[in-house]
Amino acid sequence: DPAMTLSVRVVPYGRDLRLLILRDVSQQQRLEQMRRDFVANVSHELRTPLTVVSGFLETMIDADDECTREWNRSLVLMQQQASRMQHLVEDLLLLSRLETDSSRPPDEPVAVPTLIATICEDVEHLAVQKDQQVSVDAEADLGLYGAERELHSAFANLVTNAIRYTPAEGRIHIRWWSDKEGAHYSVSDTGVGIEAVHIPRLTERFYRVDVGRSRDSGGTGLGLAIVKHVLNRYEARLRIDSVPGRGSTFTCDFPLSRICRTRIDSVRRPG
Ligand code: ADP
């Protein structure tokens with residue numbers, strides 16, 4: 001059957017013999033494919049009604065002349081929840097796209113320092129709210145061959161997490177540099193840190209160290225799963241170093257083959 005998928009294992013059997021174990025995993029793969037399609041379809045179907053609900057809520061909040069204060073407060077809460085659902089749906093769609101797309105990422109030159117600058121602008125209001133400092137140290141002409149949108153989601157997720165899991169007045173430092181092994185992007189924070197037992201599981205979908213804290217801080221639980229899937233496409237690796245109570249560093253290691261040298265003014269601004 002050409003549609004059949006087999007998994008093959010060879011195990012030693014006695015001194016000179018080998019056992020060849022063939023397992024039909026077609027059914028398992030079909031189920032996995034159905035699960036992916038289902039998540040992608042549901043997310044897609046939820047997108048439109050959510051946009052409508054969120055849009056109307058916004059109009060109602062804006063036109064609040066006759067509303068009592070209590071009424072308006074409820075509208076604001078509803079709008080916040082609708083917006084959270086929208087983020088979740090967008091993340092689910094992005095993740096299922098990354099999971100099903102096995103092609104190599106595009107080879108456009110991406111000016112990473114410019115990308116980092118855009119991310120910093122986007123998160124500035126979050127950092128200001130918490131009185132945090134975000135600093136950057138980037139190799140100016142170091143770029144990557146890839147797709148800007150994918151790299152943006154991965155890099156931005158690490159920065160928003162750093163802000164989210166760092167208390168007020170903390171510091172966040174972004175580094176982008178190269179050495180003989182490749183290019184490296186890291187985000188360090190002086191935040192809550194992560195106990196070692198959790199680290200291997202952080203990139204699983206919806207895995208959270210502290211469910212309450214993560215929900216309250218507005219995360220979807222999919223951020224690091226997205227980071228991992230993007231990096232897989234670039235044959236890049238995610239390293240996580242953390243000291244509970246002191247802070248964490250998330251580092252993405254890209255292979256030399258992905259590096260491109262860019263002049264800042266020769267590459268268009270992202271966005
Ligand atoms: P979430 O939306 O919950 O932040 P993520 O996939 O981005 O989901 O992260 C998974 C979990 O990893 C988080 O819930 C949090 O417990 C932990 N985590 C991620 N980044 C950090 C960080 N910089 N410091 C401490 N914990 C972190």
Side-chain angles (χ1 to χ4, degrees), residues 39 43 46 50 80-99 116 119-120 122-137 149-176 184-234 236-253:
V39 173
S43 315
L46 283 173
L50 268 174
Q80 279 169 0
Q81 295 304 316
S83 144
R84 235 176 79 184
M85 279 199 262
Q86 281 181 307
H87 283 138
L88 184 57
V89 164
E90 291 309 320
D91 277 1
L92 280 169
L93 277 172
L94 175 62
L95 200 53
S96 64
R97 232 177 283 136
L98 289 167
E99 272 180 336
I116 295 175
I119 294 170
C120 288
D122 293 346
V123 300
E124 198 185 338
H125 67 285
L126 296 175
V128 168
Q129 269 171 21
K130 293 180 77 177
D131 208 5
Q132 293 169 336
Q133 272 179 32
V134 181
S135 54
V136 181
D137 189 358
R149 268 182 51 183
E150 290 174 8
L151 292 169
H152 182 277
S153 352
F155 290 175
N157 262 309
L158 294 179
V159 179
T160 31
N161 274 351
I163 293 178
R164 202 171 276 156
Y165 301 106
T166 298
E169 294 173 22
R171 290 187 312 278
I172 287 115
H173 188 56
I174 305 171
R175 282 181 70 206
W176 172 239
H184 314 274
Y185 170 85
S186 77
V187 181
S188 308
D189 62 56
T190 56
V192 294
I194 308 152
E195 300 279 349
V197 285
H198 297 292
I199 290 182
R201 299 197 55 194
L202 289 185
T203 56
E204 289 173 20
R205 271 167 277 193
F206 298 115
Y207 186 85
R208 282 141 160 177
V209 175
D210 177 340
V211 177
R213 188 204 296 262
S214 305
R215 289 233 177 89
D216 292 346
S217 58
T220 61
L222 295 173
L224 291 178
I226 291 175
V227 173
K228 191 188 87 174
H229 275 84
V230 169
L231 294 188
N232 280 349
R233 276 164 65 69
Y234 291 77
R237 217 166 58 101
L238 178 68
R239 276 186 289 136
I240 306 172
D241 299 294
S242 188
V243 183
R246 297 281 297 275
S248 318
T249 298
F250 287 73
T251 311
C252 310
D253 299 317

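Numbering of ligands and ligand atoms starts at 1, following listing order.
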Closest non-hydrogen contact found for Cys120 with Ile174 is SG-CD1, 3.8 Å
Check: Checking Lys130 side chain against Thr166 main chain: does a donor-acceptor pair fall under 3.5 Å?
Finding: yes
Practice item. Indicate yes or no for a side-chain donor-acceptor contact from Asp189 to the backbone of Gly247 under 3.5 Å, with no hydrogens or angles considered. Key: no
Side chain to side chain donor-acceptor pair (under 3.5 Å) filter on Arg175, not counting sequence neighbours, yields none
Worksheet item: Are Thr251 and Ser186 linked by a side-chain donor-acceptor pair shorter than 3.5 Å?
Response: no
The protein residues that pass the under-4.0 Å heavy-atom test against ligand 1 are Asn161, Ala162, Arg164, Tyr165, Asp189, Val192, Gly193, Ile194, Leu202, Tyr207, Arg208, Val209, Ser214, Gly219, Thr220, Gly221, Leu222, Gly223, Leu224, Ser248, Phe250
TODO: Using a cut-off of 6.0 Å, state whether more than 12 heavy atoms not belonging to Arg97 lie near its atom CZ.
DONE: yes
